[in-house]
Structure formats: C-alpha cells, structure tokens
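Right, one structure below, let's go through it.
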Amino acid sequence: YYYFYKMGMNYLTFFKFSALIATSIVFISFILEFYFQLTPCRLCIFQRYGWIIISIISVFSILNHSLKRFSFLISLLALTSLSILSAYHSLVEMGTIDNLISCSVPSGLETNNIQELEQIIINTENNDCAFTKFKLLGFSLSNLGFITSLCLTITNLLLIKKELSN
C-alpha cells in the first residue's frame, strides 16, 4: 500500500480501489454463503454490512469530487470501525477474548427422550462466532477482513495527510 501511495495514489484511485475491494468481498461472501453453504455468524454479518457501507461511501466519493475531505473522513471512520470489528472477531475465533455478542440462535430444546435430543443436535447448524468455518492460506475470513480493512485504513490516513499538506 505504501508503494501505491508513493507512486501517486490519489483521491479517485483510492476510492475506485476501495469500491473494487469492498464489492469483491461482499460478492465473495455471498458466494460462500449461498453456493458453498457456509452460513455466516452474527459478527460475519456485521462485517458484511461494514463492507457494504464502504462500497456505498466509495461509489459516492467517486461520483462526487467536491467533498474530498468529508469523503476521506467518513471512509476513515467506517474503515476504522470495520478494522476494530474484524480484530474483535479474529480474537473471538482465536479464543483470546470471550464474545460479548450472542452468536447462537435459541435451539428450543424441548424433548421427551434422548432420540429427539439427538435429532435436534444433528440438525442444528453451527453459527457460533468462535468457530472458524473456512480458512485461506491459514487465515480465517475475519483475519483477512482485518488485514484488508487495516491496509485501507492506513492508506486512507496517508492520503488524508497528503491532502492536508496541499
């Protein structure tokens, strides 16, 4: 990212790149959910909303050049929030911290015998945020989301610094 910054990353390039990254992440998350049947946990859904917000901010910023500083600041706020959420999700997955947000759905465990209980357990889908369902090169999706949002946040900060110095 520092290379892109030094090589002339500017307002328009940053938001085009952000829109591409954020839209790709949302698209891939839907493919993983609906094609590969990887049901997201509640924190994954919150992260998806964050990426959708980043996409909207980026498209707005591409179309409206007159509010550069506002666009940089609002995207910085959104990216920082997304980085914090992604870091939190990663720490929950690693077992470093306890999850404060309930990720599980009430099960309705009203059974009369052990066979009914067994069927409920077999048919219950795991949506607990503490369990990683998919890894790419050893990184969970929340880890990858954290790395991506942190890189975009740092690039945004560098561009704000560049904008304020002009």
Side-chain angles (χ1 to χ4, degrees), residues 1-34 38-103 127-166:
Y1 282 97
Y2 189 72
Y3 172 76
F4 287 123
Y5 169 73
K6 281 295 189 188
M7 293 304 295
M9 172 85 74
N10 60 23
Y11 171 86
L12 192 58
T13 308
F14 172 75
F15 284 109
K16 284 180 178 178
F17 186 67
S18 293
L20 176 70
I21 294 294
T23 304
S24 297
I25 288 172
V26 172
F27 183 71
I28 289 168
S29 73
F30 281 120
I31 289 173
L32 290 172
E33 180 178 356
F34 295 110
L38 292 173
T39 306
C41 68
R42 190 169 287 166
L43 289 175
C44 292
I45 297 288
F46 291 159
Q47 284 180 258
R48 185 183 294 172
Y49 292 153
W51 286 113
I52 291 170
I53 290 168
I54 299 297
S55 294
I56 292 168
I57 292 169
S58 297
V59 169
F60 171 79
S61 300
I62 291 167
L63 298 175
N64 187 352
H65 299 277
S66 63
L67 299 171
K68 280 186 180 181
R69 289 188 179 178
F70 175 75
S71 295
F72 274 136
L73 291 175
I74 198 75
S75 68
L76 179 63
L77 176 65
L79 285 166
T80 303
S81 300
L82 186 58
S83 295
I84 291 169
L85 177 63
S86 299
Y88 173 76
H89 193 182
S90 294
L91 292 172
V92 168
E93 283 181 343
M94 291 186 284
T96 307
I97 59 174
D98 290 329
N99 191 8
L100 302 175
I101 300 169
S102 174
C103 286
N127 283 338
D128 194 339
C129 299
F131 297 110
T132 305
K133 295 180 184 163
F134 180 80
K135 286 191 175 191
L136 180 65
L137 301 174
F139 294 102
S140 71
L141 295 176
S142 63
N143 298 147
L144 294 172
F146 171 69
I147 293 166
T148 305
S149 59
L150 186 63
C151 289
L152 286 173
T153 302
I154 291 168
T155 304
N156 192 337
L157 282 169
L158 291 171
L159 287 170
I160 287 173
K161 179 182 173 188
K162 186 177 180 181
E163 178 73 21
L164 293 176
S165 67
N166 290 340

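Throughout, residue positions are numbered sequentially from 1 according to the sequence presented.
- Ser149 places a side-chain N or O within 3.5 Å of a backbone atom of Phe146 that can act as its donor or acceptor partner.
- With a 4.5 Å cut-off on side-chain heavy atoms, Leu73 and Leu77 do not count as touching.
- The closest side-chain heavy-atom distance from Leu32 to Leu141 is below 4.5 Å.
- Relative ring orientation between Phe72 and Phe14 is described as tilted, the plane-to-plane angle lying within the 30° to 60° band.
- Partners of Leu12 under the side chain to side chain contact (heavy atoms under 4.5 Å, CB included) rule, at least two apart in sequence or in another chain, are Asn10, Lys16, Ile62, His65.
- Side-chain rings of Phe15 and Phe60 stay apart, their centers remaining 6.0 Å or farther from each other.
- At distances below 3.5 Å, not a single donor-acceptor pair connects side-chain atoms of Ser86 with backbone N or O atoms of Ser83.
- Formation of a donor-acceptor pair under 3.5 Å by the Asn143 side chain with backbone atoms of Ser140 is found in this model.
- Residues Phe30 and Arg48 come closest through the heavy atom pair CE2-NH1, 3.2 Å.
- At a threshold of 4.5 Å between non-hydrogen side-chain atoms, the residues Trp51 and Thr148 count as touching.
- To the nearest 0.5 Å, atoms CD1 (Ile52) and CD1 (Ile57) are separated by 12.0 Å.
- Between Leu159 atom CG and Ile154 atom CD1 the span is 12.0 Å, to the nearest 0.5 Å.
- One distance of note links CG of Leu76 with CG of Leu152; it measures 11.0 Å at 0.5 Å rounding.
- Distance check: His89 NE2 to Met94 CE gives 11.0 Å after rounding to the nearest 0.5 Å.
- Put simply, NZ on Lys161 and CG on Leu158 are 7.0 Å apart, with the number rounded to the nearest 0.5 Å.
- The CD1 atom of Ile21 sits 12.0 Å away from the CD1 atom of Ile54 when rounded to the nearest 0.5 Å.
- Partner of Ser61 under the side-chain contact (heavy atoms from CB on, under 4.5 Å) criterion, out of Ser75, Ser18, Ser71: Ser71 alone.
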